[in-house]
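So the structure is just underneath, and the comments pick up after that.
Each chain gets a letter, A, B and so on, in the order the sequences are listed, and its residues count up from 1. These figures come from a predicted structure and were not determined experimentally.
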There are 2 protein chains.
Amino acid sequence: MTKTVTLLNKLEQRRTAQRVLLLNVIRENKGHLDAVQLYEQARQQQSVLSLSTVYRNLKLFKELGLIKEHQFGNTHRCYESKGQSHHHLVCLGCGKILEFRCQSTEKLKSQISSNRGFKVIDAEVRLTGYCPECQNRLIHGQKNSEENKERG
Amino acid sequence: MTKTVTLLNKLEQRRTAQRVLLLNVIRENKGHLDAVQLYEQARQQQSVLSLSTVYRNLKLFKELGLIKEHQFGNTHRCYESKGQSHHHLVCLGCGKILEFRCQSTEKLKSQISSNRGFKVIDAEVRLTGYCPECQNRLIHGQKNSEENKERG
DNA sequence: ATGACTGCAAACTGTTTGCAGTTAA
DNA sequence: TTAACTGCAAACAGTTTGCAGTCAT
């Protein structure tokens, strides 16, 4: 994987300690982080960092195409490093986000491109429903778990 | 199409003037409305209505499964009546939302269901990129149109 | 040296909530 | 009659912004 530092140099952005730190945390973390989670994880490694810097740099990274932004059911947005393309299963019961891959979107991209003249940059498939655990819980008549609902 | 009034009765919800009005506006409107747009359109027909009522009822309609909620690039959410299943093309240039249909998601649903044990309630495919007009504008070196960017 | 970047606090936006009055059933 | 519903204003959460100081180049 390209070094974060190199990445920032190439993109002609200043290589500040905060940017290197933030990008590293995002890239090391496999899942989805929201701004506050990223802030907290980053602060554990280096305490000089403010939440506005996190927001400002998330915006920058997004514009540079280094990360992807998502908004699932929740109010807040979350971010992930752009790695291998994958899609999401969003559980309505517990808010958990699962990932899956599928090849068929490539075909779809080219279809849309030729039929509609729309230049597709990115494709996301999102399935909402219930994960196995929540199905189980619902069958056995227990109350919905709200545990992971906000920070999934 | 089922009458809004009948719909509310069936669902054992009170048939208030505000609810009937809001549901009608949503159902008559083909595209996507955010809360404020819905509020404004509804007020044109009947001036006794507050924004909190709009939010409260959007939440209700969503829980009853009468409408679908989306969050595209923007900060605000938008809503549409549940009609024939369709997916979205989101233009990064002007924020415009285009729709398309595709059959392949049904197959995907059952695949995920059998492979992962995830009970799929809904599937959405979202392609982001550039609409024909924006591609044109970009080729001819003009600046990005921000016109529709917020209220698309 | 200097313009990009940062932390801080204050502002802003979309949404939710408490309350007292109103209305559908 | 009364619990569900409403409008209003105030609260809230997530995000953005203005400013003065700092730091990468």
Side-chain angles (χ1 to χ4, degrees), chain A residues 4-23 32-40 42-43 45-64 66-67 69-79 95 146 149-152, chain B residues 4-23 32-40 42-43 45-64 66-67 69-79 95 146 149-152:
Chain A
T4 301
V5 170
T6 323
L7 214 56
L8 285 168
N9 283 341
K10 265 193 196 155
L11 294 165
E12 303 185 333
Q13 299 296 322
R14 291 209 172 161
R15 204 196 78 247
T16 66
Q18 291 89 336
R19 285 183 181 167
V20 175
L21 173 65
L22 288 173
L23 261 187
H32 314 87
L33 289 169
D34 63 31
V36 173
Q37 289 172 320
L38 173 57
Y39 172 68
E40 283 166 357
R43 290 268 297 211
Q45 293 180 45
Q46 179 197 293
S47 62
V48 184
L49 176 68
S50 85
L51 191 52
S52 29
T53 299
V54 172
Y55 278 111
R56 275 191 277 236
N57 283 316
L58 281 172
K59 197 178 171 210
L60 175 71
F61 299 159
K62 197 175 50 173
E63 285 167 2
L64 294 175
L66 300 177
I67 60 172
E69 184 185 63
H70 296 286
Q71 207 148 15
F72 299 111
N74 309 329
T75 45
H76 52 267
R77 308 172 195 172
C78 62
Y79 302 85
E146 297 284 322
K149 195 120 195 188
E150 276 314 299
R151 296 263 139 83
Chain B
T4 302
V5 171
T6 322
L7 215 55
L8 285 168
N9 284 341
K10 266 195 194 152
L11 293 165
E12 304 185 333
Q13 299 295 323
R14 289 204 175 166
R15 203 197 78 248
T16 66
Q18 290 89 336
R19 286 183 180 166
V20 174
L21 173 65
L22 289 173
L23 261 186
H32 313 88
L33 290 170
D34 66 31
V36 172
Q37 289 173 320
L38 174 57
Y39 172 69
E40 282 166 357
R43 289 267 299 210
Q45 291 181 46
Q46 178 197 292
S47 63
V48 184
L49 176 67
S50 85
L51 192 51
S52 30
T53 299
V54 173
Y55 278 111
R56 275 192 277 238
N57 284 316
L58 281 173
K59 196 179 171 211
L60 175 73
F61 299 159
K62 196 176 50 172
E63 285 166 2
L64 294 174
L66 299 178
I67 60 173
E69 184 184 62
H70 297 287
Q71 207 147 15
F72 300 110
N74 309 329
T75 46
H76 52 268
R77 307 174 194 170
C78 63
Y79 301 86
E146 297 284 323
K149 194 121 196 186
E150 275 315 296
R151 294 265 141 82

Distances under 3.5 Å only, N/O to N/O: pair up the protein atoms with those of nucleotides 8-12 of chain C.
residue, atom, partner, partner atom, Å
dC8(C), N4, Ser52(A), OG, 3.2

Once you round it to whole Å, what is the distance between [atom2] of [N] and [atom1] of [X]?
| X | N | atom1 | atom2 | result |
| --- | --- | --- | --- | --- |
| Leu21(A) | dT6(C) | CG | P | 11 Å |
| Leu38(A) | dT15(D) | CG | P | 12 Å |
| Glu69(B) | dT15(C) | CD | P | 8 Å |
| Gln46(A) | dC5(C) | CD | P | 16 Å |
| Gln71(B) | dT13(C) | CD | P | 17 Å |
| His70(B) | dG14(C) | NE2 | P | 19 Å |
| Asp34(A) | dA13(D) | CG | P | 14 Å |
| Arg15(B) | dT6(D) | CZ | P | 12 Å |

Hey, are the side chains of Gln18(A) and Leu21(A) touching, using non-hydrogen atoms and a 4.5 Å cut-off? no
Taking the side chain as every heavy atom from C-beta outward, state whether Gln46(A) and Leu22(A) have any atom pair closer than 4.5 Å.
no
Strictly distance-based, threshold 3.5 Å: is any side-chain N or O of [X] a donor or acceptor partner for the main-chain N or O of [Y]?
| X | Y | value |
| --- | --- | --- |
| Asn57(A) | Leu60(A) | no |
| Arg19(A) | Arg14(A) | yes |
| Asn74(B) | His76(B) | no |
| Arg43(A) | Leu49(A) | yes |
| Gln37(A) | Asp34(A) | yes |

Nearest heavy-atom contact between Leu51(B) and Tyr39(B) is N-CE1, 3.5 Å
Provide a list of protein-nucleic acid N or O atom pairs under 3.5 angstrom, restricted to nucleotides 1-5 of chain D.
residue, atom, partner, partner atom, Å
dA4(D), O4', Arg14(B), NH1, 3.3
dA4(D), O4', Arg14(B), NH2, 3.4
dA4(D), N3, Arg14(B), NH1, 3.4
dC5(D), OP1, Arg19(B), NH1, 2.7
dC5(D), OP1, Arg19(B), NH2, 3.3
dC5(D), O5', Arg19(B), NH2, 3.2

Around atom NZ of Lys62(A), are there more than 12 heavy atoms from other residues, nucleotides or ligands closer than 6.0 Å? yes
Reckon Tyr55(B) has a side-chain N or O less than 4.0 Å from the OP1 or OP2 of dT16(C)? no
Per nearest nucleotide of DNA chain C, the residue lying toward the 5' end, Ala17(A) or Lys59(B), is Ala17(A)
Sorted by position of nearest nucleotide on DNA chain D, 5' first, the leading residue of Val54(B) and Arg77(A) is Val54(B)
